[in-house]
Amino acid sequence: MTIRIYNTLTRKKETFETLEPNKVSIYVCGPTVYAKAHVGHAMSVLVFDIIRRYLEYRGYEVRHVMNYTDVDDKIIQRANIEAVNPFDLAEQYIEEFRQHLNDLNILPATLYPRATEEIEHIIEMIQGLIEKGHAYASGGDVYFFVGSAECYGKLSGRKLEDMQSGYRIDVDDRKETPMDFALWKASKPGEPAWESPWGQGRPGWHIECSAMSYYHLGEQIDIHGGGNDLIFPHHENEIAQTESLTGKPFARYWVHNGMLQLSGEKMSKSLGNLVTIADFLAENDADVLRMLVLNSSYRSPLKFGDETVGHAKRALDRLRMALRPASPGATGAAPEFLEAQIAFTCQGFIDSMDDDFNTAGALGHLFELVRAVNQARDQGVGPEGLAKAQGLLLEFAGVLGLELEHAGGDGRGPGEAAPFVDLLLEVRAELRNQKLWTLSDKVRDRLAELGVIVEDGKEDATWRWK
RNA sequence: GGCGACGUAGCCAAGUGGUAAGGCAGAGGUCUGCAAAACCUUGAUCACGGGUUCGAAUCCCGUCGUCGCCUCCA
């Protein structure tokens, strides 16, 4: 009964052991806020939300920190183009992202630090690195001296020699060696700037995460997460910075989610092939995206498209359908096979999730329970008989962050239309009694066009949003 | 060119040494006035080629392919 996690650092699944018993510290790299967030960002956030929920389910007290990078070149560039204040621009997108987190049913992190609010800590950390000989100031900039970090490359599996011969690295006179990266950047007039020992400037990207993690979670943390596109250079550099300063291993487990792909390519802001979270949620229930993520393995690339989204939606519907009440008047007790399936699903769900958060496997066990519940219902098992199995389904779905009780394919509950739909169905029941099939079918078809699915049961008809 | 991950039925996807979960789609059936939902039945020897082993999808080597990173990127 131990959790195993795939650690990018060792390229192996390892038994999960925390620094402190029953406590987990997680730092996840959040977005750079210069544009609308897309469903790829949502995937990352969902993956770590699911991990966090499961760890809590398994009894851990989780400290979860996610940052916002609210000052960097892209933000400044974008603000210049739009002729707005870069801080306002960042603020606007942070606010939007927060709303997305809420809409996506993401548990709030313990803390959402921002680069601009941590300048003091960042400067302190840079000074510490300079004092230890790991960084040097150069013309208003400060660079990390990569050659001074013993294990540089250990996360991404790269060798310094290989990279130095790489053709993509620009030669920069201010750097002592080409791979050195900026900790502090001197600002140009008009750019956001803070006073520092090296003059007016702003922090480099990598140092902010090291600093925030250090000051909010401590020298060492349990899990550091992010998209696998951050492995190099971002996380490699974080390791270099933090470990050079503390002399201790930074994160015990490096966890990276795969990239969401749109038509065979990584969805990204720079490629421009994206679907924004806002656009997606305008058309779909948030649980559809979560289902898409759950049905795959978080480390692999995930295809996003009409087909996979459709699959996710139907799979979600199937889970929801299992929560339907017993047939009217049914009173049967829970049969043995249902009890057996409950025990089996309990074990299977936990075993799967313990194994590097194998959500697809866990879902498989949930679907087995779904079938058993449906079988039982068909056999006339009553509400009490179904309650335990349905309760378990709801509980485990909740662990994964699915809100099955929010019925309605696109997030609509019965809502204001309910009385009117009910009225139509009442009239339709009359038509059916009189065997006026053409008319009653017309009502059903027209309702279907409006997104209402009507299902005729033995007694009465039920309806739900498509 | 370098580093890394991956390649399981039409699609999505578990399984990592003992003869392949689950979902979607398809086919047939039960139920239904017809539908829908649900239930039952139905499909793959695991990219390819070698090797290790009594035995491999599962370990090793090679080939091909896909994706990611090497520049900002979840």
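Per chain, numbering begins at 1; letters A, B, ... match sequence-line order. This is a predicted model, so every value here is computed, not measured.
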*Asks:* Do the side chain of A:Arg432 and the base of B:G33 come within less than 3.5 angstrom through a donor-acceptor pair of N or O atoms?
*Replies:* yes

*Asks:* Counting side-chain heavy atoms from C-beta on, which of B:A38, B:C70, B:C34 comes nearest to A:Phe232?
*Replies:*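 Closest of the options to the side chain of A:Phe232: B:C70.
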
*Asks:* Within the distance-only criterion (no hydrogens, no angle test), does the side chain of A:Arg377 pair as donor or acceptor with the backbone N or O of A:Pro325 below 3.5 angstrom?
*Replies:* yes

*Asks:* Does A:Val454 reach a base, just sugar-phosphate, or nothing at all? Heavy atoms under 4.0 Å.
*Replies:*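 Counting heavy atoms under 4.0 Å across all strands, the contact made by A:Val454 includes a base.
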
*Asks:* Taking the same atom, P, in B:A57 and in B:A20, what whole-Å distance lies between them?
*Replies:* 9 Å

*Asks:* If we take the C1' atom in both B:A44 and B:A5, what is their distance in whole Å?
*Replies:* 25 Å

*Asks:* Round to a whole Å and report the spacing from CG of A:Leu447 to P of B:C34.
*Replies:* 21 Å

*Asks:* 5'-most contact on RNA chain B: A:Gly310 or A:Ser268, nearest heavy atom basis?
*Replies:*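 Of the two residues, A:Gly310 wins.
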
*Asks:* Look at the side chain of A:Trp437 and decide which nucleotide, out of B:G33, B:G68, B:A74, has an atom nearest to it.
*Replies:* B:G33

*Asks:* Which part of the nucleic acid, if any, lies within contact of A:Asn257, taking any heavy atom under 4.0 Å across all strands shown: a base, the sugar-phosphate backbone alone, or nothing?
*Replies:*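 Answer is base: heavy atoms of A:Asn257 come under 4.0 Å of a base.
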
*Asks:* Look at the side chain of A:Glu118 and the backbone N and O of A:Met212, then say whether any donor-acceptor pair between them is shorter than 3.5 Å.
*Replies:* no

*Asks:* B:C46 and B:A36: how far apart are their C1' atoms, nearest whole angstrom?
*Replies:* 36 Å

*Asks:* What class does the angle between the rings of A:His224 and A:Tyr27 fall in, given that below 30° is parallel, 30 to 60° is tilted and above 60° is perpendicular?
*Replies:*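 Correct class here is tilted.
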
*Asks:* Please name the nucleotide paired to B:G55 by Watson-Crick or G-U wobble geometry with both distances under 3.5 Å, or report none.
*Replies:*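 In the structure as shown, B:G55 has no Watson-Crick or wobble partner.
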
*Asks:* Could you check how far CG of A:Asn228 sits from P of B:A74, rounded to whole Å?
*Replies:*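 Nearest whole value for this atom pair: 12 Å.
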
*Asks:* Can you tell me how far P of B:U66 sits from NZ of A:Lys266, to the nearest Å?
*Replies:* 19 Å

*Asks:* Counting distance only, does the side-chain N/O of A:Asp354 pair as donor-acceptor with the main-chain N or O of A:Arg4 below 3.5 Å?
*Replies:* no

*Asks:* Any sub-3.5 Å donor-acceptor pair from A:Arg290's side-chain atoms to A:Gly401's backbone N or O?
*Replies:* yes

*Asks:* For the side chain of A:Gln390 and the backbone of A:Arg324, is there at least one donor-acceptor N/O pair under 3.5 Å apart?
*Replies:* yes

*Asks:* B:A74 and B:C67: how far apart are their C1' atoms, nearest whole angstrom?
*Replies:* 16 Å

*Asks:* Determine the interatomic distance between P on B:A14 and the same-named atom on B:A9; round to the nearest Å.
*Replies:* 13 Å

*Asks:* May I have the distance from A:Asp460 (atom CG) to B:A36 (atom C1'), rounded to whole angstrom?
*Replies:*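 After rounding, the gap between these two atoms is 15 Å.
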
*Asks:* So what's B:A25 paired with, Watson-Crick or G-U wobble, going by both distances under 3.5 Å?
*Replies:* none

*Asks:* Using atom C1' in both nucleotides, what's the gap between B:G22 and B:U8 to the nearest angstrom?
*Replies:*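 Comparing C1' positions in B:G22 and B:U8 gives a spacing of 14 Å.
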
*Asks:* Tell me which nucleotide among B:C69, B:A5, B:G23 gets nearest to the side chain of A:Ala315.
*Replies:* B:G23

*Asks:* Taking only the side-chain heavy atoms of A:Leu230 (C-beta and beyond), determine which of B:G33, B:G2, B:A74 contains the nearest atom.
*Replies:* B:A74

*Asks:* Rounded to the Å, how far apart are A:Leu386 CG and B:A38 C1'?
*Replies:*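 For the pair A:Leu386 CG and B:A38 C1', the rounded distance is 13 Å.
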
*Asks:* Between B:C34 and A:Arg444, counting only base atoms on the nucleotide and side-chain atoms on the residue, is there a donor-acceptor pair under 3.5 Å?
*Replies:*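 For A:Arg444, whose side chain was compared with the base of B:C34, there is a donor-acceptor pair (under 3.5 Å).
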
*Asks:* Rounded to whole angstrom, note down the P distance from B:G26 over to B:A35.
*Replies:* 15 Å

*Asks:* Mind checking if A:Gln261 touches a base, just sugar-phosphate, or nothing, with heavy atoms under 4.0 Å?
*Replies:* sugar-phosphate

*Asks:* Using a 4.0 Å heavy-atom cut-off across all strands, classify A:His38 as base, sugar-phosphate, or nothing.
*Replies:*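 Base contact - A:His38 has a heavy atom under 4.0 Å of at least one base atom.
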
*Asks:* Side chain of A:Asp378, base of B:C31: donor and acceptor closer than 3.5 Å?
*Replies:* no

*Asks:* Can you check the A:Leu155 CG to B:G4 P distance for me, whole Å?
*Replies:*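 In whole Å, B:G4 P and A:Leu155 CG are 12 Å from each other.
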
*Asks:* In whole Å, I'd like the distance from the CG atom of A:Leu319 to the C1' atom of B:A37.
*Replies:* 15 Å

*Asks:* Over 60° means perpendicular and under 30° means parallel, so classify the ring planes of A:Phe97 and A:His41, tilted if in between.
*Replies:*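 The arrangement is perpendicular - the two ring planes meet at more than 60°.
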
*Asks:* Using a cut-off of 4.0 Å on non-hydrogen atoms, how would the nucleic acid contact of A:Gly348 be classed: base, sugar-phosphate, or nothing?
*Replies:* nothing

*Asks:* With rounding to whole Å, what would you report as the distance between B:C6 and B:A27 at their C1' atoms?
*Replies:*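 Per the computed distance, 33 Å lies between those C1' atoms.
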
*Asks:* Of the nucleotides B:C72, B:C69, B:A74, which has the atom closest to the A:Asp72 side chain?
*Replies:*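 From the listed options, B:C72 comes nearest.
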
*Asks:* For the side chain of A:Asn257 and the backbone of A:Tyr298, is there at least one donor-acceptor N/O pair under 3.5 Å apart?
*Replies:*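 Answer holds: no.
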
*Asks:* Out of B:A37, B:C69, B:A74, which has the shortest distance to the side chain of A:Glu455?
*Replies:* B:A37

*Asks:* At under 4.0 Å between heavy atoms, which parts of nucleotides 12-22 of chain B does protein reach? Answer with one letter per nucleotide, 5' to 3': B base, S sugar-phosphate only, - none.
*Replies:* BSSS-----BB

*Asks:* Considering only B:A74, B:C34, B:A37, which nucleotide approaches the side chain of A:Asp456 most closely?
*Replies:*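 Given the options B:A74, B:C34, B:A37, the side chain of A:Asp456 is closest to B:C34.
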
*Asks:* When you match A:Met321 and A:Phe48 each to their closest nucleotide on RNA chain B, which lands nearer the 5' end?
*Replies:*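 The answer here is A:Met321.
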
*Asks:* Any side-chain to backbone donor/acceptor pair from A:Arg428 onto A:Ser440? Under 3.5 Å, distance only.
*Replies:*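 Yes; at least one donor-acceptor contact below 3.5 Å.
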
*Asks:* So which nucleotide from B:C40, B:A74, B:C72 ends up closest to the side chain of A:Gln375?
*Replies:* B:C40

*Asks:* Do A:Arg11 and A:Tyr6 have side-chain heavy atoms sitting under 4.5 Å apart?
*Replies:* yes

*Asks:* Starting from P on B:A74, measure out to CZ on A:Phe304 and report it in whole angstrom.
*Replies:*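 Value for this atom pair: 17 Å.
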
